[in-house]
Amino acid sequence: MHTRRITDTEARAWMDVLLRYNLLHVAAEASNGSWLAQICPRTPIRFLQGPHEVLELVADFQQQLRDATDVTL
């Protein structure tokens, strides 16, 4: 899907943004570059296998925000 390599640093920056804006409840990076993320306290913990899946999560949030904005316009 992606045409360029996504770095661990980029994934960390995006996870920081998601946490800062309270779009994620918790996120933790494993030593192998995978991530554990939970959107709300009572939702299942998601296992993201690398930076590319972090960006897919970000894209999902962006699409949801766009959809919500389109409805209110």
Side-chain angles (χ1 to χ4, degrees):
M1 180 195 302
H2 300 285
T3 58
R4 65 178 180 85
R5 185 178 184 284
I6 299 150
T7 65
D8 292 337
T9 303
E10 187 176 6
R12 278 187 216 103
W14 275 113
M15 288 302 236
D16 185 53
V17 168
L18 295 176
L19 287 164
R20 191 170 298 183
Y21 285 92
N22 295 317
L23 296 171
L24 284 180
H25 173 65
V26 68
E29 183 180 13
S31 60
N32 65 356
S34 63
W35 286 84
L36 297 174
Q38 188 176 31
I39 296 172
C40 298
R42 294 190 176 150
T43 59
I45 295 173
R46 295 176 66 169
F47 177 73
L48 308 173
Q49 293 185 345
H52 63 283
E53 288 192 11
V54 170
L55 259 56
E56 288 174 7
L57 178 65
V58 171
D60 289 344
F61 277 117
Q62 289 175 334
Q63 188 61 51
Q64 290 172 16
L65 290 170
R66 282 189 196 110
D67 291 346
T69 303
D70 288 344
V71 170
T72 60
L73 291 179

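Sequence positions, counted from 1, serve as the residue numbers for this chain.
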Side chains of Glu29 and Arg12: does their closest heavy-atom pair fall under 4.5 Å? yes
Quick one: does any side-chain atom of Gln38 pair with a main-chain N or O of Thr43 as donor and acceptor, under 3.5 Å? yes
Considering residues at least two apart in sequence or located in another chain, which fulfil the side chain to side chain donor-acceptor pair (under 3.5 Å) criterion with Asn32? Ser34
As a quick check of understanding, evaluate side chain to side chain contact (heavy atoms under 4.5 Å, CB included) for Glu53 and Trp35, giving each step before the final call. CA-CA 9 Å; Glu53 288 192 11; Trp35 286 84; over 6 Å; no
Looking at every non-hydrogen atom in both residues, tell me the closest pair between Pro51 and Asp8 and how far apart they are. CG-OD1, 3.1 Å
Let me confirm one number: the CZ-CD distance from Arg5 to Glu10, rounded to the nearest 0.5 Å. 10.5 Å
According to a hydrophobic-cluster definition based on side-chain heavy atoms being under 4.5 Å apart (Ile, Leu, Val, Met, Phe, Trp, Tyr only), do Val54 and Val17 belong together? yes
Val58 and Leu18, any side-chain heavy atoms less than 4.5 Å apart: yes
Closest contact, heavy atoms only, Ala37 versus Met15: CB-CE, 4.0 Å
For residues Trp14 and Leu57, determine if any side-chain heavy atom of one lies less than 4.5 Å from a side-chain heavy atom of the other. no
Are the side chain of Gln63 and the backbone N or O of Ala59 linked by a donor-acceptor pair below 3.5 Å? no
Would one find more than 12 heavy atoms of other residues, nucleotides or ligands at under 6.0 Å from atom CD1 of Ile45? no
So CG of Asp16 and CG of Leu24: to nearest 0.5 Å the spacing works out to 10.5 Å
Any link between Val26 and Leu48 through a network of hydrophobic side chains (Ile, Leu, Val, Met, Phe, Trp, Tyr) touching at under 4.5 Å? no
